[in-house]
Amino acid sequence: MTGTGRETVRRLEETILKLLERRAPGASICPSDAARAAYQGDGDGWRALMEPARLAARHLVDKGEVEITQRGDPVAPGKTRGPIRIRRAG
């Protein structure tokens with residue numbers, strides 16, 4: 001899976017939610033966790049999925065399913081600069 005199409009983002013949304021289901025409440029994941037889990041190949045091709053993974057996280061924020069955090073604090077998706085984490089909303 002590569003590219004930034006709608007189907008890619010939807011699959012990354014599903015991947016993010018599945019990864020979070022396996023974590024303790026309040027635990028977070030990195031967008032790279034989702035990119036690696038969704039990538040269907042060898043090598044570092046998952047890196048091309050990093051921006052789509054961040055976009056998928058923003059979509060899930062809009063749906064009220066997750067929060068994007070920096071340094072443990074929720075941040076508005078459009079206001080992030082640098083590394084982010086994703087956790088279940090609540």
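Just so it is clear, the structure is predicted and the values come from calculations on it, not from any experiment.
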Full working for side-chain contact (heavy atoms from CB on, under 4.5 Å) between Arg6 and Arg11: CA-CA 9 Å; Arg6 202 176 311 196; Arg11 288 186 66 186; over 6 Å; no
Going through the checks in order, is the side-chain contact (heavy atoms from CB on, under 4.5 Å) test met by Val66 and Leu17? CA-CA 8 Å; Val66 303; Leu17 294 174; 4.2 Å; yes
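Here the shortest heavy-atom pairing between Ala89 and Gly64 reads CB-O, 3.3 Å. Ile16 and Ala57 make their closest contact through CD1-N, 3.9 Å (heavy atoms, listed as atom of the first residue, atom of the second, distance). Shown here for Pro31 and Ala53, the closest heavy-atom pair between the two residues is O-CB, 3.7 Å. In plain terms, the two heavy atoms of Leu12 and Ala56 that are nearest each other are CB-CB, 3.8 Å. Shown here for Ala34 and Thr15, the closest heavy-atom pair between the two residues is O-CG2, 3.7 Å.
Contact check on Glu7 versus Arg10 returns a salt bridge, with a Lys/Arg side-chain nitrogen under 4.0 Å from an Asp/Glu carboxylate oxygen. The existence of a salt bridge linking Arg58 and Glu65 is excluded, since no basic side-chain nitrogen approaches an acidic carboxylate oxygen closer than 4.0 Å.
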Taking distance alone, no hydrogens or angles, what donor-acceptor pairs closer than 3.5 Å link side-chain atoms of residues 42-50 to residues at least two apart or in another chain?
none

Can you give me every donor-acceptor pair (side chain of residues 69-80, partner residue at least two apart or in another chain, under 3.5 Å) with its distance?
residue: Gln70; atom: NE2; partner: Arg81; partner atom: O; Å: 2.8
residue: Gln70; atom: NE2; partner: Pro83; partner atom: O; Å: 2.9
residue: Thr80; atom: OG1; partner: Pro77; partner atom: O; Å: 3.3

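Rounding to the nearest 0.5 Å places SG of Cys30 at 8.5 Å from CZ of Arg54. Atom CG of Asp33 and atom CG of Leu19 lie 6.5 Å apart (nearest 0.5 Å). Atom CD of Glu13 and atom NE2 of His59 lie 6.5 Å apart (nearest 0.5 Å).
Under the side-chain hydrogen bond (donor to acceptor under 3.5 Å, both in side chains) criterion, the residue pairs touching residues 17-30 are Ser28-Arg85, with sequence neighbours excluded.
Inspection of the Ser32 and Arg36 side chains reveals an N or O donor paired with an N or O acceptor under 3.5 Å.
Cluster annotation: Ile84 is connected to Val61 through the hydrophobic network of ILVMFWY side chains, with a link wherever side-chain heavy atoms come within less than 4.5 Å.
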